[in-house]
Protein chains: 4
Amino acid sequence: MAKPATKRISDRRPNAGLGNAPQPAAASGRGGARAKRSAERRDAILAAALEEFSASGFAAARLDDVARRAGVAKGTIYLHFADKEALFQELIRHELSPIVGILEQAAHTDVPVDVIVHRLIEMFVSQVYDTHRKDVIRLIITEGARFPKLAEFYYREVLARVTKAMREVMRRGVERGEIKHDALARFPQLLVAPAILALIWNGLFDKFEPLDVRALMRAHCDLILQNGRAA
Amino acid sequence: MAKPATKRISDRRPNAGLGNAPQPAAASGRGGARAKRSAERRDAILAAALEEFSASGFAAARLDDVARRAGVAKGTIYLHFADKEALFQELIRHELSPIVGILEQAAHTDVPVDVIVHRLIEMFVSQVYDTHRKDVIRLIITEGARFPKLAEFYYREVLARVTKAMREVMRRGVERGEIKHDALARFPQLLVAPAILALIWNGLFDKFEPLDVRALMRAHCDLILQNGRAA
Amino acid sequence: MAKPATKRISDRRPNAGLGNAPQPAAASGRGGARAKRSAERRDAILAAALEEFSASGFAAARLDDVARRAGVAKGTIYLHFADKEALFQELIRHELSPIVGILEQAAHTDVPVDVIVHRLIEMFVSQVYDTHRKDVIRLIITEGARFPKLAEFYYREVLARVTKAMREVMRRGVERGEIKHDALARFPQLLVAPAILALIWNGLFDKFEPLDVRALMRAHCDLILQNGRAA
Amino acid sequence: MAKPATKRISDRRPNAGLGNAPQPAAASGRGGARAKRSAERRDAILAAALEEFSASGFAAARLDDVARRAGVAKGTIYLHFADKEALFQELIRHELSPIVGILEQAAHTDVPVDVIVHRLIEMFVSQVYDTHRKDVIRLIITEGARFPKLAEFYYREVLARVTKAMREVMRRGVERGEIKHDALARFPQLLVAPAILALIWNGLFDKFEPLDVRALMRAHCDLILQNGRAA
DNA sequence: GATGAATGAGGGTTCATTCAT
DNA sequence: TATGAATGAACCCTCATTCAT
């Protein structure tokens, strides 16, 4: 075989996996201007990548465009990310990380179920739907099948936790008699299903028939919490 | 915007759009063996395309693989479809058409709401979830953003009709007092949200945590129809 | 990792190894014009590759130039060879194979040692030095270190055989008293050393001081066979 | 023609040729610590370059690796050498210079031919074969065709001299009757051919069949000096 | 019609070289 | 002087599309 010239990558490039991001070592002195510029570029690349990947999908997105949009040269991308795939994965990771922490607590306050549910929905809307994280979730949905590691990461770090927390909340609600139905305890996914649908609808069909997410989620709340306004 | 391949000559080519498929003219005599062979090949190509597009996504799928899987030469694809994009669009169209008709009636029978809902859900599971149509819906979700025409087609031919029908059913249900809540009338999407979620979950997270669609949909039914088993 | 779009090579490309060359299947009918054209192109590519690799070295040679020189499109190269490296390896193989057979016999005739030696040297000059095989041997010398497989192939198929045959010839010569020295039997390499040197000299220093290979080899013969013209 | 990298701006840059090396001006005061550090770095770079060029060849070697191995920054290389090519050429020059001087005398002592030959061979083994100069000679062999200037330098400074000296020694030997054959006088290359072969063999085939250079050279000596142990 | 060899534009990746710090 | 982040030209390889057979 003898791969004489090319490749020999793996030992020299920033990690392509899903471990801790590289964050090119801050050269010297605390917060050197150099390191700051570098971090800014990295962020610019990530932001540009999100836009391009969202607009074209992973396979069709061109790193050339990412670079142009980020205002850097194509080669610069490779100073921060091992390859296109690593850029994609770290992008998702980067955007999702903040969420993970927040999720943990959200459910652990000892307040009535309906309050928690409302709070969660509000959080989804303000922290995801109204931000570019919406695009991140969309990317997981559209590209996840081709990136099992990402799907797993998302499941482990987000879904599993949300699901678990929800299940407990619902169980508590059932025990307290706050909700009359154990469906949500058995399938916490039912709680978020409309949120996912909204995400998709928004991306594909909003121009034909706009969907008011807040209203949708409120209606969903009413429905499952059985506070429906009697017809 | 569909930046899938190179040329983007789609407008110069025959039936790249969503008009009626070409159905290569039956050579001579009605139902000639020639025409039959041709139709078979076309179907084989469509079937192969569905598999490949589902597995790799539109951009990353290779027509070479489609051809091999269909058992035809690469060039043959171009005898039936103008280009990769047309193949994709006609594929979706081809798979969706049968559904459209069915949908119309489904709602128009004058039976209690809960019966209709159960029937719909059963239809979704048996006609979509348990068939390769599941993949078609997934493709619309994952590629729709890049194929506005497809998204529109799907909205117009499927979503809009389903939505409209559902809305009427729900309204009737509310009027008759069969359901106490108008949420579903205002947002028929709430009815199908779990189905969509199941589709996505199944593709991405089933290996981490399997989701029993039937049970999920039944729980969903119970929940929104308020027949929940009291805790 | 998820290598979604790219690569997926190994199962679709012609063998990159050193096994039997692919020789794209002759389509149909004996010696179809199609297959012939294909074989011609393959040969043209190999010839062009030899020139380019010889002129620039493996790493610096550009497949673009190979294609242009061969009168084919860049992509055509990949119809015949898995990648640049496979092209290189098959090139060496292709050029060397004919030699291998010839070598076997050369030594096995039962004639006096000096006849065999002269014959061998003549063969080297006419079959290697005066042909483009000279470039092949040079490539092995210059690139062999980066292509262990090639070096091994050359050693196994050519060197080991030549060495073995020479050793026997020399041993026989010593036994018969045709040569008075066992140096050549112990180090058959001494026999070919000047040939190698000539190859190198010819490539690097001929313009400063031309070297008459035939004369050199003749002198070498005289020297080691001790037929030196007394001073 | 050296088509190694991109720009090929070699003519616009300082000392890309084979003239005297730059030896970055000793900043101030004779033998300042500054100058010493600089010279050390230069040497480290040269040493690293030899390793990298030997391992990968000129075209495939990466200055990045040279820098890392030398323990300096990539930019530092350019403080000492105009470009990659200049580094390569000066490297060869640097390593070869010491030899040149030695060679001159070696032959000029008035001792019997066989003594001189043995001495030369010993010198080759100890001064070249057992040192990293072996790699330098190998580089000339493998890259010389792409660096005519280097080949010329090597020819002029080393080969031509050795050849000339050898020729005289041999002529003398013939006159004195110390050797019975004028082959070596006409083709001094015959003397060194096995040394060259050993160099190449060692790099490519030693792992398949080790070659004992000393024994080889001794046998060679015996053979051409006709002191062969009678079989 | 059917084939699949051939094409060549395009994009990911590398790396010599530059230059602000 | 030394650094190493940044640049961008170049090159390998892919694959949608064409077309002679």
Side-chain angles (χ1 to χ4, degrees), chain A residues 5-9 13 24-25 27-28 32-35 37-38 41 59-65 67 72-80 82-85, chain B residues 4-7 9 13 24 27 34 37-38 41 60-65 67 72-80 82-85, chain C residues 5-9 12-13 24-25 27-28 32-35 37-38 41 59-65 67 72-80 82-85, chain D residues 4-7 9 13 24 27 34 37-38 41 60-65 67 72-79 82-85:
Chain A
T6 33
K7 303 289 161 141
R8 240 183 311 170
I9 292 180
R13 315 204 125 279
S28 65
R34 203 66 154 285
R37 293 266 306 157
S38 179
R41 277 167 193 274
R62 296 187 325 234
L63 290 191
D64 236 342
D65 291 339
V72 302
K74 214 175 354 166
T76 304
I77 295 176
Y78 289 85
L79 294 177
H80 295 273
D83 55 20
K84 195 186 185 186
E85 193 175 326
Chain B
T6 34
K7 306 292 176 79
I9 36 178
R13 320 210 118 278
R34 197 69 146 288
R37 286 277 304 158
S38 182
R41 280 169 191 276
R62 281 178 279 106
L63 290 192
D64 231 342
D65 291 341
V72 303
K74 221 184 332 176
T76 305
I77 295 177
Y78 288 84
L79 295 176
H80 295 271
D83 57 19
K84 193 185 184 186
E85 196 173 324
Chain C
T6 32
K7 303 288 160 141
R8 239 183 313 170
I9 291 179
R12 288 180 292 106
R13 316 206 124 278
S28 65
R34 204 64 154 287
R37 292 266 308 156
S38 180
R41 278 165 192 275
R62 296 185 326 232
L63 290 193
D64 236 343
D65 291 339
V72 302
K74 219 187 332 180
T76 305
I77 294 176
Y78 290 87
L79 294 177
H80 295 273
D83 55 19
K84 193 186 185 186
E85 194 175 325
Chain D
T6 35
K7 307 291 175 83
I9 35 177
R13 321 210 117 278
R34 198 71 147 288
R37 287 277 303 160
S38 181
R41 278 169 193 276
R62 281 178 278 107
L63 290 192
D64 231 344
D65 291 341
V72 303
K74 220 182 335 174
T76 305
I77 295 177
Y78 288 84
L79 295 177
D83 57 18
K84 194 186 184 186
E85 197 173 323

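Because the structure is a prediction, the values reported are computed rather than measured. Chain identifiers are assigned alphabetically (A, B, ...) following the order of the sequence lines, protein sequences preceding nucleic acid strands; residue numbering begins at 1 within each chain.
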Quiz item: Looking only at side-chain N and O atoms, does Arg62(A) come under 4.0 Å of OP1 or OP2 in dG11(E)?
Solution: yes

Exercise. Quickly work out the Arg34(A) CZ to dG4(F) P distance and round it to whole Å.
Key: 8 Å

Self-check item: dT7(F) phosphate, OP1 or OP2, under 4.0 Å from Arg41(A) side-chain N/O
Solution: yes

Self-check item: CG on Leu63(A) to NZ on Lys74(A), rounded to 0.5 Å
Solution: 8.0 Å

Quiz item: Closest nucleotide of DNA chain F for Tyr78(B) versus for Val72(D): which of these residues is on the 5' side?
Solution: Val72(D)

Quiz prompt | Minimum-distance nucleotide to Leu63(C) side chain [options: dA16(E), dG1(E), dC13(F)] | solution = dC13(F)

Practice problem: Would you kindly check whether a donor in the side chain of Lys84(D) faces an acceptor in the base of dT17(E), or vice versa, at under 3.5 angstrom? | Solution: no

Quiz item: When you measure from the side chain of Thr76(C), which nucleotide among dA6(E), dG4(F), dC12(F) comes out closest?
Solution: dA6(E)

Quiz item: For the pair made of CG in Asp64(A) and P in dG8(F), what is the distance, rounded to whole Å?
Solution: 11 Å

Quiz item: What is the base-pairing partner of dT17(E), counting Watson-Crick and G-U wobble geometry with both distances under 3.5 Å?
Solution: dA6(F)

Quiz prompt | Lys74(D), nearest nucleotide to its side chain (from dA6(F), dT13(E), dT7(E)) | solution = dA6(F)

Practice problem: Give the rounded distance in Å between these two atoms: CG of Asp83(C) and C1' of dC12(F). | Solution: 9 Å

Quiz item: Starting at the 5' end of DNA chain F, which residue's closest nucleotide do you reach first, Gly75(C) or Gly75(D)?
Solution: Gly75(D)

Exercise. Quick one: pull up CG in Leu79(D) and OG in Ser38(D) and give me the separation to the nearest 0.5 Å.
Key: 8.0 Å

Exercise. Measure the distance from CG on Leu79(C) to P on dC15(F) and round it to the nearest whole Å.
Key: 13 Å

Quiz item: Contact class for Arg37(B) vs. all strands (heavy atom < 4.0 Å): base, sugar-phosphate, or nothing?
Solution: nothing

Quiz item: Where the side chain of His80(A) is defined as all heavy atoms beyond and including C-beta, which of dT3(E), dA6(F), dA20(E) is the nearest nucleotide?
Solution: dA6(F)

Quiz item: What is the distance, rounded to the nearest whole Å, between atom CD1 of Ile77(D) and atom P of dT1(F)?
Solution: 16 Å

Self-check item: Residue pair His80(A) / Thr76(A): nearest heavy atoms and the distance that separates them
Solution: CD2-O, 3.4 Å

